[in-house]
There are 2 protein chains.
Amino acid sequence: MPRHQNRAAAGGRRRASHSMESVLTEAVALLDEAGPSALTFRALAQRLGGGVASIYWYVASKDELLDRATDHVIGGVLAEIEAIEPGDDPIDHLRAMSLTLFDAILVRPWLGNYFMRNTDVQGNALRLYEKLGQPTLRLKLTARQRFHAVSAITTVVVGSAVDLGQEPPQEVLDGAVGRDEFLGRFAATWRELDAVDFPFVHEIVDEFDGHDDIEQFRAALDLTLAGLRLQADA
Amino acid sequence: MPRHQNRAAAGGRRRASHSMESVLTEAVALLDEAGPSALTFRALAQRLGGGVASIYWYVASKDELLDRATDHVIGGVLAEIEAIEPGDDPIDHLRAMSLTLFDAILVRPWLGNYFMRNTDVQGNALRLYEKLGQPTLRLKLTARQRFHAVSAITTVVVGSAVDLGQEPPQEVLDGAVGRDEFLGRFAATWRELDAVDFPFVHEIVDEFDGHDDIEQFRAALDLTLAGLRLQADA
DNA sequence: GGTACGATAGAACAGCGTTCGATAGAGATG
DNA sequence: CATCTCTATCGAACGCTGTTCTATCGTACC
C-alpha cells in the first residue's frame, strides 16, 4: 500500500515516478479510448513510462485496478448527482439522479460491469447508493420496500447501460458501419421470420429499427418509478 | 461448419469423434461445475478426449462457443416457458415466464452474461423473446410501449440475475464461508458508517443482511409490472 | 557514511485463445 | 483394387495475458 506518495516526480529520467492518481487516470484513459480489452498492465505501464511490476505496488490485482478505476470516475458522477436539487417530489429526484448515472455509464460502458462490485474499495459507489436511497426516506414505505426499490432502480440503470454498451462488433467501432445500419441488419433478419410464429417480433421490429437507447432506458425506469409511486401512495 | 455429423462414433480409440451436441453439452457441464473461468479450450478438449484445435471445426471462436452453449440451455428454458398456461391475465402470464427465466439464470449465473448477445446464432433466445412479448399483444398498448415493456422486463430479469450471480470471492465457492456470513461482513462494515452521512444505508442494512435474492428480484419485477398494468389500463 | 525502507523495474512463468500444417479415415471414382 | 477427395482430427507453435521473483535505485534518517 502506498503512503505519502506526494513528492512530485523530480526530474529523473531513468526511473518513472507514479502515484495512485496517475495510475487510475491513465487506466481510465485507456478504458475510454479503446475499451476494456485495451487495459493491460503492459499498455498501462508503457503509458506511465515505467515497468509492469510497478503497478502492483499500487494495486494487488487487475480486479482491484478495475474497481478503483471505476470508483475514481464514480467520484465525478457522485459530484454531479449531489448537485441536483432535491425538489418537492422524492420520486422525481430519484428519476433525475438515475438519468445522470445512466448518462455517465452510457459514455463509459465499461463502468456498468464493475460498478458496486466491491464497496470495500468503492467508497464513492457506496456514497452514490446512499444518495439514491435518501429520497425513499421521504416516501411512506417499509425499510424492506425502500431496500427493494433502490435495488430495483440500480438494476434497471446498470442493466440497461451494460446491455446497450456491450462492445459492438468492431465494425461499428471502426466507424465502417453506423449504428443505424447495424440495427437495420438485425431488423431485416427479424422481418424475414415467419409472421405466424413471431407475431410479437413483427409487431415491434419497426420500433427496434433505429430505436433510441436513452428513450428505451427512460421507459424502463418510468415503469419502475410508476410502480414505486403506486406503492408509496397505497 | 460441420455438416452431416450424424454417423455414430465408431469404435476407434486413437482419434476422438465429436459432434456439435457433445461439444455444447460438455461446455455447459464445465460452466456449471466451475464457472466461466473453467471453460477453456484445453479443458474442453480434454473432456472430449480430443485435441484443442478440433473444437474450432464446430465453432469459430470462444465467443461463438459461449453463444451456442447459452442458446443450447436456453432451449430447455424455452420449453419450460412454453409449457406455462397463459391464463386470463396477460401480466400474470408475463410474470410467470419471467420467474421461470430468472430461476434458470440463478442456477446458471453465467447465462445472463451471454443471453441474447447475438440472436443470429441464438435462435432459442429469439423465440424466448417472442414468447415474452406475446402477452403484451393482449394489452392495450402502442407498439412502442410493447417494445419498451418487454425490454424493461428482460433488463430486470437478466440484470438482477447477473448481479446476484457474479462469481463470489472464491471463499464462498469453496464453502469455507457461507453466503450469510459473507453478507454479514458487508452489513457489519455498513453499520459502522456515520449515521448522519448514511441515513439510508443504516435504514436498510438489516434488510440487506441475510436478504433473499429471489424476493429481491420479485420485488423489482413487480414494480415494473405494476407500472405496466397502470399503462395498459390508462 | 551507513542503513532502512519506499518504490521501481526486467525477466521469467504459467496459462489463455488462436493458427498452421500434417494426416487419418470414409466414400466416391476410375 | 488403387487413387483421389473431402471431412474431421490433432500436436505444436505463436503472441498475448496477469502475476511473481528478485534485484535494485534513491531518499530520509541517525
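Chain letters run A, B, ... following the sequence lines, proteins first, then strands; residues in each count from 1. These figures come from a predicted structure and were not determined experimentally.
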Any protein N or O atoms within reach of nucleotides 17-21 of chain D? Criterion: under 3.5 Å, listing atom names and distances.
from, atom 1, to, atom 2, distance (Å)
D/dG18, OP1, A/K62, NZ, 2.6
D/dG18, OP2, A/F41, N, 3.1
D/dG18, N7, A/R42, NH1, 2.9
D/dG18, O6, A/R42, NH2, 2.7
D/dT19, OP2, A/Y56, OH, 3.0
D/dT19, OP2, A/K62, N, 2.8
D/dT19, O5', A/Y56, OH, 3.2

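Residues satisfying the salt bridge (charged side-chain N to carboxylate O under 4.0 Å, His left out) criterion with B/R218, sequence neighbours excluded, are absent altogether. Residues passing the ring-ring contact (aromatic ring centres under 6.0 Å, His included) test with B/F147 are A/H211, sequence neighbours excluded. With sequence neighbours left out, the ring-ring contact (aromatic ring centres under 6.0 Å, His included) criterion links A/F102 to A/F217. When the side chain to side chain donor-acceptor pair (under 3.5 Å) test is applied to B/S54, no partner is found at least two apart in sequence or on another chain.
Following rounding to the nearest Å, A/R15 (CZ) and C/dG6 (P) show an atom-to-atom distance of 15 Å. Residue B/L66 contributes atom CG, which lies 15 Å from atom C1' of C/dT18 at whole-angstrom precision. Taking atom CG on A/L44 and atom P on C/dT8, their separation rounds to 13 Å, with Å as the unit. Put simply, CD on A/Q46 is 11 Å from P on C/dG10, counting in whole angstrom units. Distance A/I55 CD1 to C/dA7 C1': 13 Å, rounded to the nearest Å.
Residue B/S54 places at least one side-chain N or O closer than 4.0 Å to OP1 or OP2 of D/dC10. At D/dT7, none of the side-chain N or O atoms of B/H18 fall inside 4.0 Å of OP1 or OP2 (strictly under the cut-off).
A/Q216 and B/S151 form a side-chain donor-acceptor contact under 3.5 Å, judged by distance and modelled atom types alone.
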Atom pairs and distances, donor-acceptor, side-chain atoms in residues 38-46 of chain A, under 3.5 Å, two or more places apart:
from, atom 1, to, atom 2, distance (Å)
A/T40, OG1, A/A43, N, 3.0

